[in-house]
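We use all heavy atoms of the structure for the numbers below, so side chains are in, but hydrogens, waters and symmetry mates are not.
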Amino acid sequence: MFYRGNDNYLMDRREIAQVLDDMAVIFELTDENPFKIRAYQNAARVVEGMSDLEERIASGSLTEVPGIGKNLADHITELYKTGKIKEHERLRKSIPPGVIDMLSIQGLGPKRVKIIYKELKATDIGQLELLCRVGAIRTRKHFGPKIEENILQGISYLRRHLGEHLSSNALAAAVEIFEKVKRHPPVKRAEIAGSIRRRKELVKDIDIVASSDAPKKVMDFFTGLPEVEKVEAKGETKSNVILKSGISADLRVVSDKEFPYALHHFTGSKEHNIAMRGRAQKMGMKMNEYGLFSVRGKQEKIIPCKDETEIFARLGLEYIEPELREDMGEIAAAENGTLPKLVTEKDVKGIIHVHSNYSDGINTIEELARYSQKLGYSYLGICDHSQSAGYAGGLKPAEVKKQWEEINEVNKKLKGFTVLKGIEVDILTNGSLDYNDELLEGFDLVIASVHSKFNMTEEEMTSRLIKAISHPNVDILGHPTGRLLLSREAYKVDMHKVIDAAAKYNVAIEINANPHRLDLDWRLCPYAHSKGVKIAVCPDAHTTDNIHDIFFGVGIARKGWLTKEDVVNAWPVEEFIRWLKK
DNA sequence: GCCGTTTTCGGCCCGACTGTTTTCAGTCG
């Protein structure tokens, strides 16, 4: 199931980018030159997209990379070699961590946080909340009751999601410790269970299930891992630790005979398990994490099963994929033999919705194409931003024409691979699109997305999206609700009406595979399927690395019961193009 | 911070929106 990750230095590059971004954040709070801040942010993105970082560090040629000068080259080298930057450590100490946390509150940026910290002396979110409640915020210039209210709402949103993690972060942390546990000699079998295995978009903790005859040894090994910050509980069957990444992780160790039952039990969901136990009971059986038992009076006898498939079979069910175990109809479908054959990562044929260096992406069209081809895909849809998206380097019509010529050139060079001329066109406030019809007609592929004016009423936003969908050139509706997991709520919109409109105009809806979005929500996929609406699983990539995010999008599609027939970019290129020309 | 046949200082991207104001500051994308 696992994220195949990337070749070579992904973690190093991401970690370096993270530190540079962190420095930029601190600079924002300390009145640094705004262009210096941007230089750091820019360098973070550049490093993230570099394929030859190690060579350049070794040869000292980092400064040849646009956006990296003497200073940043030194910082990056220091970080790569020593794991830290002295100046970063110094900056970190100059500002309380609780102040930096405030920046994650929606509507609070560096300027306001600085006033809250320097003038109102609040050093964490709790103190800030108190200031809002007593009306102390509104005493400052340009602060008023409405801003107090917005801050309180932002804090409440953060609290509601306290202890939750993006699936991408949780998975990365889980894989790191899981691989070690799995390779530990006393361990016979091991799997990541829980909501990560069910591919939920947000995850509270990591669950690992292992089998062994020497549970104590396994527990000692687990609680002694270098990734562990704190051991919360430690026993022979269960241990709980807090990882240095801040995520809580559970390990359960059972005998190898018990493993399939434990795996099923700790994969959940709780609701699925309740329904399964009810079914077992009706069939004269009993089910828990240690086994499936036949019950006769007071006599209980274990029913041996070597894996989960056998457990389901004993209960008269087809194997149910973990993604579907939410008690949302999967048990009935497994009984009737009507479970869908879920789309897999391998089914995906084309990567669409990718930003190039024409707008806010890092890589050139050719780099993106060659990388996608190397990964085994057969087509790529370049979809940069349209002209209104000034912040993201949106393309003016003349630049679009230039890009088309470049795409033609790249297509001539590549064999057995097709680059499509696409665009992520902004949906303007009134639902019209950001280019005239003549220009739109020239694209192979048009994704329409909202990037502005999120605070409309539900009626206004719904009709705005439906108007965009009804445009004859629109093929796909991009990130339909605009949500950013753990940081921004979706805008108000009636997605059922939007899906109905997508069905009417034969427009596909995106599952944006960026782990911060995962939008369309999987809970709405069955409705879309029932209306015949197709889905596009798109990485919304801004670097070659981001293309791997497709993994998270496919997870959501699977959770939404979708098959490869439902997913337009799981179709061969000819079929996809035929559909685009519909 | 970076960049540069405008070669070493001066420019670097901006439009929309909100909540404050009474002309603008801050945030977001």
Pair A:Asp426, A:Ser388: side-chain N/O donor-acceptor within cut-off below 3.5 Å: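 The answer is no; no qualifying pair exists.
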Does the distance from a Lys or Arg side-chain N to an Asp or Glu carboxylate O, for [X] and [Y], drop under 4.0 Å?
| X | Y | result |
| --- | --- | --- |
| A:Lys559 | A:Glu201 | no |
| A:Arg90 | A:Glu87 | yes |
| A:Glu405 | A:Lys401 | no |

Donor-acceptor contact below 3.5 Å, side chain A:Asn546 vs main chain A:Thr543: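 Yes, because the side chain of A:Asn546 sits within donor-acceptor range (under 3.5 Å) of the backbone of A:Thr543.
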Flag, side chain of A:Arg112 to backbone of A:Gly107, donor-acceptor distance under 3.5 Å: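 Yes.
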Summary of protein contacts for nucleotides 13-22 of chain B, nucleotide by nucleotide, where a base hit scores B, a sugar-phosphate-only hit scores S (4.0 Å, heavy atoms): B---SSSS--
Identify all pairs in which a protein N or O lies below 3.5 Å from an N or O of nucleotides 2-4 of chain B, and state each distance.
residue: B:dC2; atom: OP1; partner: A:Gly69; partner atom: N; Å: 2.7
residue: B:dC2; atom: OP1; partner: A:Gly69; partner atom: O; Å: 3.2
residue: B:dC2; atom: OP1; partner: A:Lys70; partner atom: N; Å: 3.3
residue: B:dC2; atom: OP1; partner: A:Asn71; partner atom: N; Å: 3.4
residue: B:dC2; atom: OP1; partner: A:Leu72; partner atom: N; Å: 3.3
residue: B:dC3; atom: OP1; partner: A:Gly67; partner atom: N; Å: 2.8

Distance check needed: [N] [atom2] versus [X] [atom1], whole Å only.
| X | N | atom1 | atom2 | answer |
| --- | --- | --- | --- | --- |
| A:Asp31 | B:dG26 | CG | P | 10 Å |
| A:Leu103 | B:dG26 | CG | C1' | 13 Å |
| A:Lys36 | B:dG1 | NZ | C1' | 7 Å |
| A:Gln41 | B:dC28 | CD | P | 12 Å |

Span that lies between the C1' atom of B:dG10 and that of B:dG15, in whole angstrom: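 Per the computed distance, 25 Å lies between those C1' atoms.
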Nearest-Å distance once atom P is located in both B:dA16 and B:dT23: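 Result for the P pair: 23 Å, nearest Å.
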Mutual orientation of the aromatic rings belonging to A:Phe443 and A:Tyr435 [parallel < 30°, tilted 30-60°, perpendicular > 60°]: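 The rings of A:Phe443 and A:Tyr435 lie parallel, inter-plane angle below 30°.
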A:Ser167 side chain reached by A:Leu518 side chain, heavy atoms, under 4.5 Å: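 A side-chain contact under 4.5 Å exists here.
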